[in-house]
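Please read the structure below before turning to the comments.
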2 protein chains.
Amino acid sequence: MNPSPELCGTGHPIDTRAVAAKFAALSHPARIEILKCLSASRSCCCGEVVEHLDLAQSTVSQHLKILVEAGLVRFTPDRQRSRYEVDHEALAGVSASVAALVETCCRTAEPTS
Amino acid sequence: MNPSPELCGTGHPIDTRAVAAKFAALSHPARIEILKCLSASRSCCCGEVVEHLDLAQSTVSQHLKILVEAGLVRFTPDRQRSRYEVDHEALAGVSASVAALVETCCRTAEPTS
DNA sequence: ATGGTTCATCGTCGATAGACGATGAACCAA
DNA sequence: TTGGTTCATCGTCTATCGACGATGAACCAT
């Protein structure tokens, strides 16, 4: 699957699997909606997200877990509530990864950097 | 699933489903590897990609199809070959979508950096 | 025409995703 | 203690993903 960590020889690594994992976490509409919901309220408990999403509580909980495991959302237990908030730095990191990927794919030859 | 096209009320739309679809296309390591391979050679036929990827030809063909359907790769039949090349603009569009999402998710908090 | 490439598609198969309801733990209020 | 919340987890079910080999179409060669 991944014969070499560096395929195109541009001198820019880009951890393929890690990047793909981030994308996978963002590849479901509900999870993007959750991100927007979380950011709109700065932080939410699970129940608040459920109100916005028209999905069962267990389903939302699963999506939240996926986002947390992907490192895009921070989780803080708060009494019987659960605080979820966007990890802005991590999200910015994804943005940077995408930008790097795009740059790699547009720099069709010379090993810069 | 998607009760309103605009959830967080920031005035920034972001088509959730479309963005999620783009991410889904990028959510597999092989497809990212293919993108890097394509960009490294400017354009490839299917067989060239197969050489790089250690996957069956039919599998690679499927991945290429997914990328084409997602609008990230352009396809041009060329005799018995098939030319595949990265759609740089589309890829840049994904990058912009991510940036917009990040911005949306950070606007309610402090703009640290 | 014949044979060799290249590639997309089909059918299959196992694994995973994504949805749900049910359940139980942890917490609060009375 | 009792009862009501909130939430994570479990078990289940269906649908899709991702892999493969086989097949056939389209295209060179000779």
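Labels below follow one simple rule: chain letters A, B, ... track the order of the sequence lines, proteins then strands, and each chain is numbered from 1. Atom set for the values below is all heavy atoms of this structure, side chains included, hydrogens, waters and symmetry mates excluded. Just so you know, these numbers come straight off a predicted model, no measurement behind them.
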Picking from [options], which would you name as closest to the side chain of [X]?
X: B:Cys46; options: D:dA8, C:dA8, D:dG21; answer: C:dA8
X: A:Gln57; options: C:dC7, D:dC7, D:dG18; answer: D:dC7
X: B:Gln62; options: C:dC20, C:dA8, D:dA19; answer: D:dA19

Would you say [X] reaches [N]'s phosphate, i.e. side-chain N/O to OP1/OP2 under 4.0 Å?
X: A:Gln80; N: D:dC7; result: no
X: A:Ser61; N: D:dC7; result: no
X: A:Arg79; N: C:dC28; result: yes
X: B:Thr59; N: D:dC20; result: yes
X: B:Arg81; N: D:dA26; result: no

Looking at OG of B:Ser39 and CD of B:Glu85, how far apart are the two atoms once the value is rounded to the nearest 0.5 Å? 11.5 Å
Nearest 0.5 Å, what's the OG1-NZ distance between A:Thr104 and B:Lys36? 7.0 Å
Report yes if the side chains of A:Tyr84 and A:Ile34 come closer than 4.5 Å at any heavy-atom pair, otherwise no. no
Between [atom2] on [N] and [atom1] on [X], what's the gap in Å once rounded to a whole number?
X: B:His28; N: C:dA17; atom1: NE2; atom2: P; result: 11 Å
X: B:Leu53; N: D:dC20; atom1: CG; atom2: C1'; result: 15 Å
X: A:Glu51; N: D:dT6; atom1: CD; atom2: P; result: 9 Å
X: B:Leu55; N: D:dG21; atom1: CG; atom2: C1'; result: 14 Å
X: B:Asp78; N: D:dA26; atom1: CG; atom2: P; result: 17 Å
X: B:Phe23; N: D:dC17; atom1: CZ; atom2: C1'; result: 20 Å
X: A:Arg83; N: D:dA8; atom1: CZ; atom2: C1'; result: 18 Å
X: B:Glu69; N: C:dA8; atom1: CD; atom2: C1'; result: 12 Å

Start at the 5' end of DNA chain C and walk down; is the nucleotide closest to B:Cys45 or to A:Ala56 reached first? B:Cys45
Earlier contact from the 5' end, DNA chain C, for A:His63 and B:Lys65: B:Lys65
What is the minimum heavy-atom distance between A:Leu72 and A:Ala25, and which atoms define it? CD1-CB, 4.1 Å
N/O donor-acceptor pair, side chain A:Ser58 with base C:dG21, under 3.5 angstrom: yes
For the residue pair B:Lys22 / A:Ser27, report whether a side-chain donor-acceptor contact shorter than 3.5 Å exists. no
